[in-house]
Trainee: 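Mind looking over this structure? Questions follow.
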Amino acid sequence: MFGDLIIRGRSSLFNYYLHKILYTPQENGGLMASHVKALKLLHAEDGKINGVHAKDLLTDQEFDIHARLVINTAGPWSDLVRELDDQEKIIPQMRPTKGVHLVVDGTRLPVPQPTYFDSGDQDGRMIFVIPREDKTYFGTTDTDYQGDYAQPTVTKEDVDYLLAIVNKRYPMVNLKLADIEASWAGLRPLIASNGSSDYNGGNSGKIATKSFDQVIEVVNAYENAKATKEDVEKVLNDLEVTLSESKLSPSSVSRGSSLAVATDGLITLAGGKLTDYRKMAAGALALITKLLKDQEHETFNPIDSKNLPVSGGDIDPENVVATLEFFAKQGIDGGLSKAESMTIVNLYGSNAARVFSRIGELKAAPGLSLGETLGLHYALEEEMTLTPVDYLLRRTNHILFHRDTLDDVKVGVSNEMARYFNWSTAKKERMIKQLDTAIATSDLRDLKAEG
């Protein structure tokens, strides 16, 4: 049934996970389009929405896509999509905020495990410090955003804020702007009309007096053996909160979700968090199933997404290490090193078997190892990779977590993609320029040049 839906919906690391999520419905018959922008919402003679007028951003070709139902899942951009509907009066509901993360080498900020703490700035924000692939990344900010939705950027204020907090918490590291190897900024799809924040699992409100008294009472009872651990947990889970501010700060906007149908039939699923995507999708699919039954008299039995693993997630949760080593052995048996095989397995999960299946068919492309060549071709053929930025930023971790080897890999990737797609010299130059711009943005090159 995915063929009857149009879904529009983007931070760098988020895109990395998003394409993994979208790959699963593609495997189940969905038709996906990348680098395609909706320009206008289309309507039938009866005024009901029946598609979009779209543009291929790589070729500039414009065309219509028709569907029985159209769902807008554009996150912080959902109001912008609603504004494409010339038959509806739009009341904006989104209040996007910007979040920034910075990456440094693991030796500059060594942490044994993910760490989570209050910013210490009395701003209600929580900060993550997370080790990953010999690097450490930290963030995030949470500030109102009204700039260019297509390209939110990391500002000097963002960097100064995060460096000050991390240096205060880890006074021996003395991180500076020059230590930052990579960065990214993204927009959160916050809904302005909701009350308190559950961002990062926290809440910027104060505990109500009644709830505070209940906590004291149950803790005292527990210490006197008159209450159980479960009794304490129940009280804590049921805490009432009241906002401490009459005017919400960016960190106090709810990250709840909203599912609504406009009078012309446009479905909009907005707000929410990445961790809630299955719950949100299940709610949307239930609505879609009902609409198709009521309007089209067609009955569908949706796939049980609760038990449907994300593409590459067919891994025994009780034996993760053993399962990954099993997949890696296929690469090792094919002549790859253990390190390279494990890199592929950690990136593609159970889909690594498909990557390794091309051993013997492919030779290492000039400037690339065999493992990198296998991964690139898998991304080209199976993951709709159309540009070097797609591969190096959105399909792999090269730009964000492998900056020390990126300059060598990017040449081989660009050349192999140019050969694969038979790009003209002019198009190849445009793609390389686009890639260099993305790298410079992640590097914070302009901020570093300013000193």
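Throughout, residue positions are numbered sequentially from 1 according to the sequence presented. Bear in mind the structure is a predicted one, so any value in this text is a computation, not a measurement.
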Trainee: Classify the ring geometry of Trp77 against Tyr149: parallel below 30°, tilted from 30° to 60°, perpendicular beyond 60°.
Mentor: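 Rings of Trp77 and Tyr149: perpendicular, over 60°.
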
Trainee: Among Val100, Val154, Val103, Thr140, which one satisfies side-chain contact (heavy atoms from CB on, under 4.5 Å) with Trp184?
Mentor: Val103

Trainee: Under 3.5 Å, is there a donor-acceptor pair between the side chain of Ser78 and the main chain of Ala74?
Mentor: no

Trainee: What distance do Leu163 atom CG and Phe138 atom CZ have between them, rounded to the nearest 0.5 Å?
Mentor: 5.0 Å

Trainee: Rounded to the nearest 0.5 Å, how far apart are CD1 of Ile399 and CG of Leu435?
Mentor: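 Going from the CD1 atom of Ile399 to the CG atom of Leu435 covers 5.5 Å.
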
Trainee: What are the two closest heavy atoms between His53 and Asp64, and how far apart are they?
Mentor: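 Shortest heavy-atom separation between His53 and Asp64 comes out as ND1-OD1, 2.7 Å.
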
Trainee: Could you tell me if Ser369 and Glu340 have a donor-acceptor pair between their side chains, going purely by distance under 3.5 Å?
Mentor: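 Distance-only check passes for Glu340 and Ser369.
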
Trainee: Answer with yes or no whether the side chains of Arg395 and Tyr378 bring together a donor and an acceptor at under 3.5 Å.
Mentor: no

Trainee: Between Thr405 and Asp408, is any side-chain donor less than 3.5 angstrom from a side-chain acceptor?
Mentor: no

Trainee: Would you say the side chains of Glu416 and His377 form a donor-acceptor pair under 3.5 Å?
Mentor: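 Yes, a side-chain donor-acceptor pair sits under 3.5 Å.
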
Trainee: Go through Arg403 and Asp443 one step at a time and tell me if the salt bridge (Lys or Arg N to Asp or Glu O under 4.0 Å) criterion holds.
Mentor: CA-CA 9 Å; Arg403 186 61 185 89; Asp443 285 353; 2.8 Å; yes

Trainee: Heavy-atom count around Lys448 NZ within 6.0 Å, excluding the residue itself: above 12?
Mentor: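 Check passes, neighbour count above 12.
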
Trainee: Ignoring hydrogens and geometry beyond distance, is a side-chain donor-acceptor pair present between Asn397 and His402 at under 3.5 Å?
Mentor: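 Their side chains do not contain a donor-acceptor pair, so the 3.5 Å distance test is not met.
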
Trainee: Before accepting this row, confirm whether a basic side-chain N of the pair Glu181/Lys135 lies closer than 4.0 Å to the acidic partner's carboxylate O.
Mentor: yes

Trainee: Can you check side-chain contact (heavy atoms from CB on, under 4.5 Å) on Phe356 and Ser341, steps first, answer last?
Mentor: CA-CA 9 Å; Phe356 295 140; Ser341 295; 4.2 Å; yes

Trainee: As an exercise, state the distance from CG of Leu102 to OG of Ser183, rounded to the nearest 0.5 Å.
Mentor: 6.5 Å

Trainee: Mark yes when over 12 heavy atoms from residues, nucleotides or ligands other than Asp118 sit less than 6.0 Å from its CG; otherwise mark no.
Mentor: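 Yes, the 6.0 Å shell around CG holds more than 12 heavy atoms from other groups.
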
Trainee: What's the separation between atom CD1 in Ile439 and atom CD1 in Ile432, rounded to the nearest 0.5 Å?
Mentor: 10.5 Å

Trainee: Tell me if the centroids of the rings in Phe117 and Phe128 come within less than 6.0 Å of each other.
Mentor: no

Trainee: Measuring from atom CG of Leu291 to atom CG of Leu287, what distance do you get when rounded to the nearest 0.5 angstrom?
Mentor: 4.5 Å

Trainee: Would the number of heavy atoms belonging to other residues, nucleotides or ligands and lying under 6.0 Å from OH of Tyr170 be above 12?
Mentor: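 Yes, because the 6.0 Å sphere around OH of Tyr170 holds more than 12 heavy atoms from other groups.
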
Trainee: Run the salt bridge (Lys or Arg N to Asp or Glu O under 4.0 Å) check on Asp158 and Lys98 step by step: do they pass?
Mentor: CA-CA 10 Å; Asp158 296 326; Lys98 184 179 71 171; 2.7 Å; yes

Trainee: After noting the C-alpha distance and the side-chain angles of Lys48 and Asp264, does the key distance pass the salt bridge (Lys or Arg N to Asp or Glu O under 4.0 Å) rule?
Mentor: CA-CA 5 Å; Lys48 293 298 182 181; Asp264 65 356; over 6 Å; no

Trainee: Per the salt bridge (Lys or Arg N to Asp or Glu O under 4.0 Å) rule, which among Asp144, Asp79, Asp142 passes with Arg95?
Mentor: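 So, applying the salt bridge (Lys or Arg N to Asp or Glu O under 4.0 Å) to Arg95 and each of Asp144, Asp79, Asp142, only Asp144 qualifies.
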
Trainee: Just by distance, with hydrogens left out, do Asn415 and Lys428 show a side-chain donor and acceptor under 3.5 Å apart?
Mentor: yes

Trainee: Could you check whether Glu372 and Tyr391, counting side-chain N and O atoms only, form a donor-acceptor pair closer than 3.5 Å?
Mentor: yes

Trainee: Does the pair Ile267 and Asn72 meet the rule for a side-chain contact (heavy atoms from CB on, under 4.5 Å), with working shown?
Mentor: CA-CA 6 Å; Ile267 306 167; Asn72 165 21; over 6 Å; no

Trainee: Are Thr323 and Asp316 close enough that a side-chain donor and a side-chain acceptor fall under 3.5 Å?
Mentor: no

Trainee: Keeping Asn167 on the side-chain end and Leu175 on the backbone end, is there a donor-acceptor pair under 3.5 Å?
Mentor: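 Yes: the side chain of Asn167 pairs with the backbone of Leu175.
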
Trainee: Considering residues, nucleotides and ligands other than Glu361, do more than 12 of their heavy atoms fall under 6.0 Å from its CD?
Mentor: yes

Trainee: Considering only NZ, NE, NH1 and NH2 on the basic side and carboxylate oxygens on the acidic side, decide whether Arg358 and Glu381 come within less than 4.0 Å.
Mentor: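 Here Arg358 pairs with Glu381 in a salt bridge, since their nearest N and O are under 4.0 Å apart.
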
